[in-house]
Amino acid sequence: MSIAPEQLQLDRRHRADSGIIGVLMSLGTAQWLVLRNHLPHAQRWIWANAFAWGAGLLVFTAVTTPLWQPGQPPEVIALIGALGGLLTAATMAAVTGAALTRLVRDRGAQERPWGVPAKAVRS
């Protein structure tokens, strides 16, 4: 039994895509272990964090790739990298900040005005 080169290429790409998704989700999963004790629907944080990393890396690539050119001095390369890093951080902060705001707002919606969680009160 032989494997066609096209199939081998697909298998490699599938493994690479799975690995990227796994890495993107691992950071949010570690943070979820803490958040789940404090926020309902904390599992949403895993996806929000993965999306934030993905968006941040896309911004980094979109900004730095056209600016980096062969033969540039190391100082210019460092400045371009720093700019990309700052924009990555800003993108991630915006996405995770919005997600955390939503999670906290959802928690507030599940609590009674006097601070007793709605799920703790039996009807």
Side-chain angles (χ1 to χ4, degrees):
M1 179 174 189
S2 64
I3 298 175
E6 300 83 24
Q7 183 63 38
L8 186 58
Q9 188 67 21
L10 283 175
D11 289 344
R12 286 182 185 153
R13 182 158 189 190
H14 182 268
R15 282 196 309 264
D17 291 346
S18 298
I20 290 168
I21 291 169
V23 168
L24 290 178
M25 293 186 72
S26 66
L27 296 168
T29 301
Q31 295 166 345
W32 165 77
L33 292 172
V34 174
L35 289 174
R36 68 183 176 172
N37 297 320
H38 304 285
L39 298 170
H41 309 295
Q43 70 276 7
R44 294 178 187 165
W45 179 257
I46 299 168
W47 294 102
N49 193 276
F51 180 76
W53 272 101
L57 292 172
L58 282 174
V59 166
F60 182 87
T61 302
V63 169
T64 59
T65 301
L67 296 176
W68 276 326
Q69 301 298 321
Q72 288 176 320
E75 297 83 10
V76 173
I77 293 171
L79 286 173
I80 294 169
L83 173 66
L86 287 172
L87 293 174
T88 298
T91 302
M92 291 182 62
V95 173
T96 57
L100 190 57
T101 299
R102 174 92 186 235
L103 286 171
V104 170
R105 189 178 307 134
D106 287 351
R107 182 179 86 178
Q110 289 191 348
E111 291 184 358
R112 303 241 179 224
W114 53 88
V116 178
K119 63 182 177 184
V121 178
R122 304 222 179 208
S123 301

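Nothing fancy with the numbering, it's 1 onward along the sequence. Values reported hereafter were calculated over all heavy atoms of this structure, with side chains retained and with hydrogens, waters and symmetry mates removed.
Across all their heavy atoms, Trp68 and Gln72 have their closest contact at CA-OE1, 3.4 Å. The shortest non-hydrogen separation linking Thr61 to Thr65 is O-OG1, 2.8 Å. For the residue pair Ile80 and Leu67, the shortest heavy atom distance occurs at CD1-O, 3.5 Å. Closest approach of Leu103 to His41, counting heavy atoms only: CD2-O, 3.3 Å.
Of the candidates Val34, Leu39, Thr96, Thr96 is the only one forming a side chain to side chain contact (heavy atoms under 4.5 Å, CB included) with Trp45.
Remark: Leu86 CG to Phe60 CZ distance equals 10.5 Å, nearest 0.5 Å. Atoms CD and OG1, from Gln43 and Thr29 in turn, are 11.0 Å apart once rounded to the nearest 0.5 Å. Leu35 CG to Leu100 CG: the interatomic distance, rounded to the nearest 0.5 Å, is 7.0 Å.
If you chain together hydrophobic residues whose side chains sit under 4.5 Å apart, Leu27 and Val95 never meet in one group. Both Leu83 and Val76 belong to a single network of hydrophobic side chains, linked directly or stepwise wherever heavy atoms of I, L, V, M, F, W or Y lie under 4.5 Å apart. Both Ile77 and Leu87 are assigned to one and the same hydrophobic cluster, defined by single-linkage of ILVMFWY side chains at heavy-atom distances under 4.5 Å.
Side-chain atoms of Thr91 do not come within 3.5 Å of backbone N or O of Gly56 as any donor-acceptor pair.
The cationic group of Arg44 does not satisfy the cation-pi geometry with Trp47, failing either the under 6.0 Å distance to the six-membered ring centre or the 45° limit from the ring axis.
Counting heavy atoms of neighbouring residues, nucleotides and ligands inside a 6.0 Å radius, atom CZ of Arg102 does not exceed 12 of them.
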